[in-house]
Q: 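This is the structure I want to talk about, given as structure tokens.
Basis for what follows: all heavy atoms, side chains included, without hydrogens, waters or symmetry-related copies. In what follows, chains are A, B, ... by sequence order, proteins preceding strands, each numbered from 1.
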Amino acid sequence: MTTPTLTQTGEYEWRLDPLPGMRAEAVVFGGREIVSNLEAHALRQLANVASLPGLAGRVCALPDTHSGYGFPIGCVAAMRPGKGVVSAGGVGFDIACGVRTLLTNLSEEDVHPHLPELAELLFAAVPSGTGRGGGFGLSPSALDDVLMNGAAFAVAKGYGAREDLERIEEGGRFEGADPSVVSAEARKRGQDQLGTLGSGNHYLEVQVMDKVFDARLADGFGLFPGQVVVGVHCGSRGLGHQVATDFMARMRAEAPRHGLSLPDPDLACAPLASETALAYLGAMRAAANFALANRQVIAHLVRTVFGGAFRDAGPMPLLWDVSHNLCLPEEHRVGGRSMRLFVHRKGATRALPPGHPALPRHLSRFGQPVPVGGSMGTASYILAGVATSMERSFGSACHGAGRLMSRGQAKKRFKGRALVDSLRGQGVVIRSGSLSGVAEEAPGAYKDIEAVVAATQGAGLAKAVARLRPLACVKG
DNA sequence: ATGTGC
């Protein structure tokens, strides 16, 4: 197989040299260091995405890109409604996996003496681990309510405040969810998982704001130096996983009937005009609402822990909640014309610029906050959307550090116990239910977040606002 | 990512 090659077109922008079958241009954003370490497989997958029918503009790989299922992770692909397709693998297994950041009134000195106990309290309050339920059990009709109403369901049940909803994409509720196309199996898996963290790279992290890059934006977002904040990274658990599994199989089985010959069966997709695409989008939005409700319930549990542990934690408002695995209809300008496109973002975060109509009024002057989760033990970032990202990446930015090696490789290379001890030496408390899980998430298994953010900013996809340093990380 | 997989 030919090794894909890149041609540099800007300081942080590279064009994939055309490979047979490609129908659209593919671009990679990244500095020299990131680009020289990219997996050939991820680039091959990017070329495969660029071979799909009905693409608008170019296909993008963000600086945190790496191999995924079908589509690489850290990928943006926009489809025209007429000829385009939707791909379940283009959204990924963890539908609407995402990050939210909660702001406290506390400073590092307030929490520092209590970090081990705090980590223990958070670990106890939020169920975590593979396959774990223990969230609140939902009756069939309550589950329908979750799937239709997302975070608004949780708020109506007393989990969090109404103000939270305007700090979540789409007001905390994705329109067009269709619970009737979510399989009984998916419902069964999700029934007991609302308010649970999961495993893998999902986490609850107590962080301190240790560096400001843009004082006006930081202030506008309610951030101050030395402030303690909490990051929550999780998704739609077994429910979303089952929706993805169900539709990947269905799309793969139906592909020949739709005249789709795919370079990789994992690219399984359906024409946007088909019944399968309609059903997938309805089920995907239902799973996305489950993810939003999940993060909302977890945020409530976190607030309860902080409220009990610290007198001055404050109401802990939400900075912003983003999903980084979705396919959503959005208006974009392509070739000088405005059109409605279905934008796949897999391991990619929407990053709306100042003045964008989808932003709530209080953020319109600043642009959308873009929480970027680092790997365990390394910094996270808050970025802000900028105008240039609309034409360059369909208004998208990186979602995290991005893996450098597979989970299997990481497990061979690193030992969980040694990592926990060494991070403790650096002042970071890790509380995890699984030491092998910690090894899979070793900081050394991920790219350098500083380089990823520098490339994201350098490429004009978002602007750095603040850096967050981890204090305590709770994982499944 | 995931009731984890050759």
Side-chain angles (χ1 to χ4, degrees), chain A residues 42 45 64-75 87-100 126-135 137-138 143 182-194 196-204 231-249 266 268 283-284 286-288 290-292 294-295 298 322-327 344-349 373 375-376 399-412 416 432-442 445-446 475-476:
Chain A
Q45 289 187 317
D64 51 341
T65 198
H66 59 100
S67 294
Y69 176 93
F71 283 44
I73 292 160
C75 181
S87 167
V91 169
F93 278 102
D94 193 0
I95 294 167
C97 178
V99 185
R100 65 164 54 189
V126 184
S128 64
T130 315
R132 273 285 302 277
L138 295 162
L143 181 56
V182 174
S183 69
E185 191 66 12
R187 295 177 67 103
K188 191 174 103 192
R189 289 177 68 176
Q191 187 266 333
D192 191 31
Q193 292 188 324
L194 190 69
T196 67
L197 197 57
S199 66
N201 63 1
H202 291 167
Y203 62 75
L204 267 177
V232 180
H233 179 208
C234 63
S236 50
R237 305 293 333 277
L239 185 139
H241 188 275
Q242 191 61 45
V243 166
T245 304
D246 291 343
F247 278 92
M248 283 170 189
D266 295 347
M284 180 206 75
F290 187 90
L292 294 185
N294 193 28
R295 290 198 285 275
I298 289 173
V322 285
S323 297
H324 46 229
N325 287 350
L326 279 175
C327 177
H344 293 74
R345 288 192 188 84
K346 181 183 189 182
T349 300
S375 55
M376 182 183 62
H399 82 307
R403 291 200 84 91
L404 207 51
M405 62 181 80
S406 70
R407 293 179 184 287
Q409 284 174 295
K411 241 194 291 207
K412 278 186 213 154
S432 172
S434 157
L435 284 173
S436 69
V438 168
E440 289 183 3
E441 295 303 317
Y446 280 83
K475 302 179 64 63

Q: Please report the distance, rounded to the nearest Å, between CG in A:D94 and P in B:dT4.
A: 16 Å
Q: Does A:R132 reach a base, just sugar-phosphate, or nothing at all? Heavy atoms under 4.0 Å.
A: nothing
Q: Under 4.0 Å, counting only non-hydrogen atoms across every strand here, what does A:G238 touch: a base, just sugar-phosphate, or nothing?
A: sugar-phosphate
Q: Kindly give the heavy-atom pair with the smallest separation between A:S183 and A:D246, and that separation in Å.
A: OG-OD2, 2.6 Å
Q: Would the base of B:dT2 count as contacting A:T130 through its side chain, where contact means a donor and an acceptor less than 3.5 Å apart?
A: no
Q: Between B:dT2 atom P and A:I95 atom CD1, what is the distance in whole Å?
A: 12 Å
Q: How long is the line joining NE2 of A:H202 and C1' of B:dT4, in whole Å?
A: 14 Å
Q: Starting at atom CD of A:E441, determine the distance to atom P of B:dT4, rounded to an integer number of angstrom.
A: 17 Å
Q: For B:dT4, take OP1 and OP2 only and decide whether either is under 4.0 Å from a side-chain N or O of A:R407.
A: no
Q: With heavy atoms under 4.0 Å as the rule, sort A:Q193 into base, sugar-phosphate or nothing.
A: sugar-phosphate
Q: Could you check if a side-chain atom of A:D94 sits within less than 4.5 angstrom of a side-chain atom of A:H202, using non-hydrogen atoms only?
A: yes
Q: Look at all strands and tell whether A:G200 reaches a base, only sugar-phosphate, or nothing, counting heavy atoms closer than 4.0 Å.
A: sugar-phosphate
Q: Side chains of A:H233 and A:H399: does their closest heavy-atom pair fall under 4.5 Å?
A: no
Q: Please confirm whether the backbone N or O of A:G200 pairs with a side-chain atom of A:K475, one donor and one acceptor, at under 3.5 Å?
A: yes
Q: Could you check how far NZ of A:K411 sits from C1' of B:dT4, rounded to whole Å?
A: 8 Å
Q: Quick check: do A:S236 and A:N325 have side-chain heavy atoms less than 4.5 Å from each other?
A: no
Q: In whole angstrom, what separates A:F93's CZ from B:dT2's P?
A: 11 Å
Q: What's the NE2-P distance between A:H233 and B:dT2, to the nearest Å?
A: 9 Å
Q: Measure from CG on A:L197 to C1' on B:dT2 and round the result to the nearest Å.
A: 14 Å
Q: Is any side-chain N or O of A:T245 closer than 4.0 Å to OP1 or OP2 of B:dT2?
A: no
